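Notes for the one structure printed next.
Keep in mind that what you see is a predicted model, and the values were worked out from it rather than measured.
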Amino acid sequence: MTVPEGNIGRVLVGSAELATRVRELGAQITEDYAGRSPLLVGVLKGAFVFMSDLAREIRLPVEMDFMAVSSYGVSTKSSGVVRIVKDLDVDIAGRDVLLVEDIVDSGSTLRYLLRLLAERKPASLEVCALLVRAGARTDDIAYVGFSIPDDFVVGYGLDVAEHYRELSSISVFEPANSASLPP
């Protein structure tokens with residue numbers, strides 16, 4: 001796959017800020033879930049770095065599973081159509097489920113996932129989102145890492161056309177032009 005033409009722009013959230021906030025979120029989740037063993041459900045692929053770091057900061061026994069959904073493809077704009085690419089491997093009925101998201105844009109994908117998971121009768125269902133775009137509905141989100149402007153961002157698991165996930169901070173991606181992105 002060709003690397004999209006464009007530049008990595010300004011850093012929105014540096015690696016030290018990320019580490020501090022993930023530690024704070026882990027401490028809050030540890031307190032809120034005291035005496036329980038939450039099941040962390042990561043939304044692939046973007047949430048895998050965040051969820052890995054978060055799991056190490058939660059001072060409780062946790063289990064993990066993953067779902068993969070697609071609403072972007074290789075574009076920098078959501079198509080609005082959510083497609084389940086990989087479903088959970090475990091039954092969540094009666095479990096305390098914490099859905100771990102990398103970024104919440106409009107919230108439509110999140111609302112879709114919450115409806116889908118709620119139908120499976122978990123004991124509890126909460127959301128931890130690393131990033132929430134300005135203007136996104138946040139009433140479904142119990143734990144928010146950072147609010148960000150309406151820029152397309154990469155790094156710390158977030159990508160454009162499968163590139164830049166490895167960056168240790170979260171930065172703005174500035175495409176050379178919309179035609180430079182893969183079809």
Side-chain angles (χ1 to χ4, degrees), residues 4 6 9 12-13 18 21-22 25 28-29 32 38-52 54 64-93 95-165 170-175 178-179 181-183:
L12 285 182
V13 186
L18 284 164
R21 186 66 183 129
V22 171
L25 289 168
Q28 186 63 54
I29 291 165
D32 293 351
L39 172 66
L40 305 182
V41 172
V43 181
L44 293 173
K45 297 180 187 173
F48 80 99
V49 174
F50 172 47
M51 187 163 123
S52 174
L54 181 65
M64 294 181 239
D65 201 353
F66 295 92
M67 295 184 80
V69 299
S70 176
S71 65
Y72 277 84
V74 295
S75 176
T76 61
K77 296 289 182 194
S78 175
S79 67
V81 176
V82 180
R83 193 170 52 92
I84 300 292
V85 179
K86 182 217 174 292
D87 206 341
L88 296 173
D89 293 326
V90 300
D91 181 6
I92 65 170
R95 304 286 306 270
D96 292 305
V97 175
L98 181 60
L99 183 65
V100 180
E101 271 277 26
D102 56 350
I103 187 165
V104 175
D105 289 309
S106 67
S108 61
T109 300
L110 177 61
R111 285 188 297 280
Y112 173 84
L113 286 173
L114 287 173
R115 279 193 307 272
L116 178 72
L117 295 175
E119 290 172 0
R120 298 177 185 185
K121 308 290 187 227
S124 66
L125 177 58
E126 297 291 347
V127 176
C128 180
L130 176 62
L131 305 173
V132 176
R133 287 207 194 277
R137 201 177 99 199
T138 59
D139 53 324
D140 293 326
I141 306 172
Y143 308 97
V144 174
F146 300 93
S147 293
I148 63 166
D150 194 26
D151 295 311
F152 192 84
V153 293
V154 295
Y156 199 67
L158 292 100
D159 74 303
V160 60
E162 296 299 325
H163 293 277
Y164 308 116
R165 291 185 195 279
I170 297 172
S171 298
V172 174
F173 179 76
E174 300 164 344
S178 59
L181 294 173

- Item | Shortest non-hydrogen separation from Ala47 to Val100 and the atoms involved | CB-O, 3.5 Å

- Backbone of Val90 reached by a side-chain donor or acceptor of Asp65 within 3.5 Å: yes

- Are any non-hydrogen side-chain atoms of Asp32 and Tyr143 less than 4.5 angstrom apart? yes

- Flag side-chain contact, heavy atom, 4.5 Å: Val41 against Leu113: no

- Query: If you measure from CG on Leu40 to CG on Asp96, what distance do you get to the nearest 0.5 Å?
  - Reply: 11.0 Å

- Message: To the closest 0.5 Å, what do you measure between CG (Leu114) and CD (Glu126)?
- Response: 9.0 Å

- Item | Any residue meeting side-chain contact (heavy atoms from CB on, under 4.5 Å) with Tyr164, in chain and number order, not counting sequence neighbours | Val3, Ile8, Val154, Val160, Leu167, Phe173

- Item | Contacts of type side-chain contact (heavy atoms from CB on, under 4.5 Å), residue Arg111, not counting sequence neighbours | Ser108, Arg115, Arg137, Asp140

- Task: List in chain and number order the residues that pass side-chain hydrogen bond (donor to acceptor under 3.5 Å, both in side chains) with Arg95, two or more places apart in sequence or in another chain; answer none if no residue qualifies.
- Result: Glu63

- Query: Do you know which two heavy atoms are closest between Gly46 and Asp102, and how far apart they sit?
  - Reply: CA-OD2, 3.1 Å

- Using the side-chain contact (heavy atoms from CB on, under 4.5 Å) rule, take Tyr156 and Ile170 through it: C-alpha gap first, then chi angles, then the decisive distance, then the call. CA-CA 6 Å; Tyr156 199 67; Ile170 297 172; 3.8 Å; yes

- Task: Show your reasoning for whether side-chain contact (heavy atoms from CB on, under 4.5 Å) applies to Leu18 and Phe50.
- Result: CA-CA 9 Å; Leu18 284 164; Phe50 172 47; over 6 Å; no

- Task: Using a 4.5 Å cut-off on heavy atoms from C-beta on, say whether the side chain of Pro149 contacts that of Leu12.
- Result: yes

- Query: Taking only residues two or more places apart in sequence, or in another chain, which ones meet Ala68 in a side-chain contact (heavy atoms from CB on, under 4.5 Å)?
  - Reply: Leu44, Val85, Lys86

- Check Leu98 against Cys128 and note the closest heavy-atom contact, atom names and distance. CD1-N, 3.9 Å

- Message: For a quick test of reading the model, state the closest non-hydrogen atom pair linking Thr109 to Val69 and the distance between them.
- Response: CG2-CG2, 3.9 Å

- Inter-residue atom distance Ile92.CD1 - Leu117.CG, 0.5 Å rounding: 4.5 Å

- Task: Step by step, work out the side-chain contact (heavy atoms from CB on, under 4.5 Å) result for Ile103 and Ile148.
- Result: CA-CA 10 Å; Ile103 187 165; Ile148 63 166; 3.8 Å; yes

- Task: Kindly indicate whether the side chain of Val144, heavy atoms from C-beta on, has any atom under 4.5 Å from the side chain of Val104.
- Result: no

- Could I get the full list of side-chain contact (heavy atoms from CB on, under 4.5 Å) partners for Asp91, not counting sequence neighbours? Ala93

- Tightest non-hydrogen contact, residues Gly9 and Ser171, listed as O-CB, 3.9 Å

- Query: Any donor and acceptor pair, going by atom type alone, linking the side chain of Arg21 with main-chain N or O of Gly145 inside 3.5 Å?
  - Reply: yes

- Task: Could you walk me through whether Val97 and Arg120 pass side-chain contact (heavy atoms from CB on, under 4.5 Å), step by step?
- Result: CA-CA 11 Å; Val97 175; Arg120 298 177 185 185; over 6 Å; no

- Note on the structure: One should read off an interatomic distance between Arg165 CZ and Asp159 CG, to the nearest 0.5 angstrom, of 3.5 Å

- Message: Just so I know, are the side chains of Leu116 and Met67 near enough to count as touching, which here means a heavy-atom distance under 4.5 Å?
- Response: yes

- Note on the structure: Sorted by chain and residue number, the side-chain hydrogen bond (donor to acceptor under 3.5 Å, both in side chains) partners of Ser147 (sequence neighbours excluded) come out as none

